[in-house]
Number of protein chains: 2
Amino acid sequence: MDVAVAAGVSQATVARCFNTPEVVAPGTRQRIEAAAGRLGYVPNAIARSLKSQSTNIVGAVVPAVGEYWQNVVTGFSRCLTASGRQLLLFSFLDQADVDDTLEAVAQYRLDGLILASATIAEAQLARMRQTGLSLVAFNHPDAAGIVPSVTVDNEAGSAELARHLADLGCARVLYVGGVAAASTDRARFRGAARTLASAGATCNYMEAGAFTYEAGYKAADRVDQMDSLPDAIMVGGDEVAFGMLDGLRQYGITAPEDLLMTGFDGLPQASWAGYDLTTLVQPAEQLAEHAAELAARGLDTPSDVVPPSVVVAGTLRRGRTTRRDEGPPARPQSRPGRGCGPQSRASR
Amino acid sequence: MDVAVAAGVSQATVARCFNTPEVVAPGTRQRIEAAAGRLGYVPNAIARSLKSQSTNIVGAVVPAVGEYWQNVVTGFSRCLTASGRQLLLFSFLDQADVDDTLEAVAQYRLDGLILASATIAEAQLARMRQTGLSLVAFNHPDAAGIVPSVTVDNEAGSAELARHLADLGCARVLYVGGVAAASTDRARFRGAARTLASAGATCNYMEAGAFTYEAGYKAADRVDQMDSLPDAIMVGGDEVAFGMLDGLRQYGITAPEDLLMTGFDGLPQASWAGYDLTTLVQPAEQLAEHAAELAARGLDTPSDVVPPSVVVAGTLRRGRTTRRDEGPPARPQSRPGRGCGPQSRASR
DNA sequence: TGCAAGGATGAATACGTATACATAGAATCG
DNA sequence: CGATTCTATGTATACGTATTCATCCTTGCA
């Protein structure tokens with residue numbers, strides 16, 4: 001090593017100087033640091049990783065599209081950077097690309113891998129568990145029991161939203177899910193349906209087709225064509241809810257005037273004044289931290305042990321979209337002002 | 001190597017089998033592949049990187065917050081993944097953290113590093129150029145000439161927006177920037193001011209303080225308190241514009257009714273029906289591709305040569321916020337049997 | 001049949017680091 | 001002052017791969 005000869009010491013001493021400085025004599029240390037500075041030496045993390053069998057890098061496989069996932073990625077990054085680790089990011093557009101991606105991932109000996117997607121098949125999860133790679137599923141409730149898993153409490157959160165609606169007197173609720181195959185979607189619907197049923201309210205399901213704004217916007221068509229509007233719409237994701245809100249407005253249907261609406265996720269946009277959506281806020285920071293922690297912990301648990309899973313409670317955010325006007329409560333149940341002219345929207 | 005002994009060959013042959021399969025005998029190859037499959041062997045990218053002195057990883061240092069940056073990150077990821085490379089992501093909240101981050105970055109021998117931030121000091125850029133790391137500045141016009149740089153044509157784009165406003169008859173325009181110190185902000189204001197001046201219109205500057213929704217929302221207060229409203233507001237970034245729109249609505253000021261408004265960036269949300277903002281769309285995919293390409297090209301250019309820079313033109317998106325009502329609104333295509341139906345809002 | 005050419009494979013080495021072990025000098029203690 | 005412990009450092013090795021060089025076997029051709 002250049003630095004070693006420049007400082008007149010052995011390579012081993014240089015290594016010690018950077019890892020355990022306290023064991024090297026002050027004079028020597030100074031000489032080494034001077035030489036290193038002069039030569040612009042920086043330790044090679046690749047070589048270190050090879051030797052130490054640990055890269056200090058955590059990988060994350062995340063869908064390439066969607067506001068929610070973008071937020072999640074940021075959360076991972078912040079959290080890992082804070083703890084001195086690095087984030088290797090993989091985005092995928094199509095579920096089919098995940099396989100290829102994972103193959104590439106496996107070559108880097110990551111300290112852990114976060115799998116963020118609610119639609120990875122359970123069989124695939126089990127298979128990946130065998131690779132010896134320490135992985136953790138994020139936002140995929142059904143993965144719990146197969147691999148370590150981190151999620152918000154989808155069912156309880158949705159139940160909380162439903163309770164909120166029931167308390168406001170909603171009797172007919174429509175649940176608009178993103179993708180019925182997503183385990184998050186199912187859990188959320190479960191929580192809503194159960195709670196509403198016990199409150200004597202109905203809860204039908206409609207699938208938007210994707211967790212995107214466009215899907216919500218399009219689904220508004222189908223809502224508009226219903227014989228009668230529901231009292232409230234629970235949307236399975238905030239971004240879909242934004243689309244639904246904008247789509248319904250196209251037909252003159254607004255929240256909370258014509259119906260109430262809730263979302264799920266607690267995206268930053270939910271608190272934008274333009275939407276001001278009632279939603280369940282996922283504790284992003286906390287979730288990311290748990291995921292990173294669990295991923296880096298290594299796969300100490302043998303394959304036959306049920307892996308640890310973390311479920312964190314979300315927080316209800318009350319926005320305009322479920323705010324009952326404190327005016328005359330005897331507002332007709334049928335769409336008010338639907339006849340003509342701008343509706344109550346102008347009252348704000 | 002386990003696989004080697006299992007297949008009864010040498011480690012060298014195994015390596016060949018994975019890199020240049022055509023030079024190894026079909027029978028041997030089959031045996032090796034069988035053994036590899038049985039033992040769950042996957043090549044070690046760390047060791048490969050150490051030997052080949054190239055990691056196949058591109059790093060990106062990106063601000064942790066803001067819709068725009070989240071989109072950029074996704075763009076990088078998609079683009080790199082498509083070309084078989086990996087993305088090592090670093091987010092920073094505070095500009096001061098960048099130094100620490102870069103120190104960590106340097107240890108991994110990345111193939112290239114993308115520096116995404118419009119506020120990195122030029123001195124620091126020059127210093128980093130010396131590290132031998134191949135880097136490219138993203139969205140930082142002032143960096144051109146110091147390090148390779150990739151940006152949208154901020155000045156021309158802003159000029160195009162300004163021209164659009166001038167054509168619509170705006171004589172008094174307010175430019176609301178994000179951060180005056182950002183080189184993008186300055187370039188955009190330059191383009192706007194120049195064009196408007198030559199059209200005989202005025203263009204004052206107001207600083208929102210950050211490229212965030214909240215900053216725009218708060219800045220709306222100051223707009224409301226102006227003696228008279230401008231004909232149009234050019235906002236330096238879409239996210240700020242969203243905040244401005246929502247903030248102004250609070251005071252009963254809406255676009256395009258009371259004033260026109262433009263943004264900059266072309267975020268997905270700009271085409272959401274709730275905003276439908278006129279903006280300059282950055283060709284995200286193309287920009288990301290250029291950045292990745294340039295970063296991975298390596299630092300073949302010596303320090304004294306002016307590095308290549310890429311400037312890509314953006315595209316004007318015309319939204320509602322600069323739509324002059326074409327006189328008495330034509331009867332909107334109201335849906336049959338729905339009474340008077342939705343108002344002009346639904347007129348597309 | 002003998003020899004050259006080529007194809008397939010093995011042996012050896014280097015990449016830059018961490019670390020166990022060995023060594024030498026200094027310091028401590030009886 | 002000799003024996004002993006401790007401290008600072010050097011030596012050697014291993015991590016898993018790519019690659020050069022050498023070797024051996026096959027094949028074609030005279």
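Chain naming here is simple, since letters A, B, ... match the order of the sequence lines and numbering starts at 1 in each. Only heavy atoms go into these numbers, but all of them, side chains included; no hydrogens, no water, no symmetry mates.
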Where is the tightest heavy-atom contact between A:V3 and A:A36, given as atom of each residue plus distance? CG1-N, 4.0 Å
Aromatic contact between B:F18 and B:Y41, with the criterion being ring centroids under 6.0 Å apart: yes or no? yes
Can you measure A:N56 atom CG to C:dA18 atom C1' for me and round it to whole angstrom units? 15 Å
Does B:R29 reach the main-chain N or O of B:P21 with its side chain, forming a donor-acceptor pair under 3.5 Å? yes
How long is the span from the CD atom in A:E67 to the CD atom in B:Q70, to the nearest 0.5 Å? 7.0 Å
Heavy atom of residues 45-55 of chain B under 4.0 Å from DNA chain D: which residues? B:A47, B:R48, B:K51
In residues 16-37 of chain B, which residues come under 4.0 Å of DNA chain D by heavy atom? B:R16, B:N19
Between A:T55 and A:S49, does any side-chain donor sit less than 3.5 Å from a side-chain acceptor? no
Rounded to the nearest 0.5 Å, what separates atom CD in B:E103 from atom OG1 in B:T101? 10.0 Å
Checking A:R78 side chain against A:F76 main chain: does a donor-acceptor pair fall under 3.5 Å? no
If you go through the side-chain atoms of B:Q11, does one of them form a donor-acceptor pair with the base of D:dA18 closer than 3.5 Å? yes
note: B:L39, atom CG; D:dG16, atom P; distance rounded to Å ~ 14 Å
Which of B:V72, B:D265, B:V312, B:D153 passes side chain to side chain contact (heavy atoms under 4.5 Å, CB included) with B:Q282? Answer is B:D265
For B:S10 and B:A4 the tightest heavy-atom approach is C-CB, 3.8 Å
Please tell me which of A:A15 and B:S10 maps to the more 5' nucleotide of DNA chain C, matching each residue to the nucleotide holding its nearest heavy atom. B:S10
Does the side chain of A:Y108 get closer than 4.0 angstrom to OP1 or OP2 of D:dG16 through an N or O atom? no
Check nucleotides 25-28 of chain D against the protein and report each pair of N or O atoms closer than 3.5 Å, with its distance, or say if there are none.
none

Less than 4.0 angstrom between a side-chain N/O of B:T13 and OP1 or OP2 of C:dG10, yes or no? yes
Can you see which heavy atom on B:L135 is nearest to which on B:P148, and at what distance? O-CD, 3.5 Å
Which heavy atom of B:P141 sits nearest to which heavy atom of B:N154, and what is that distance? CG-ND2, 3.6 Å
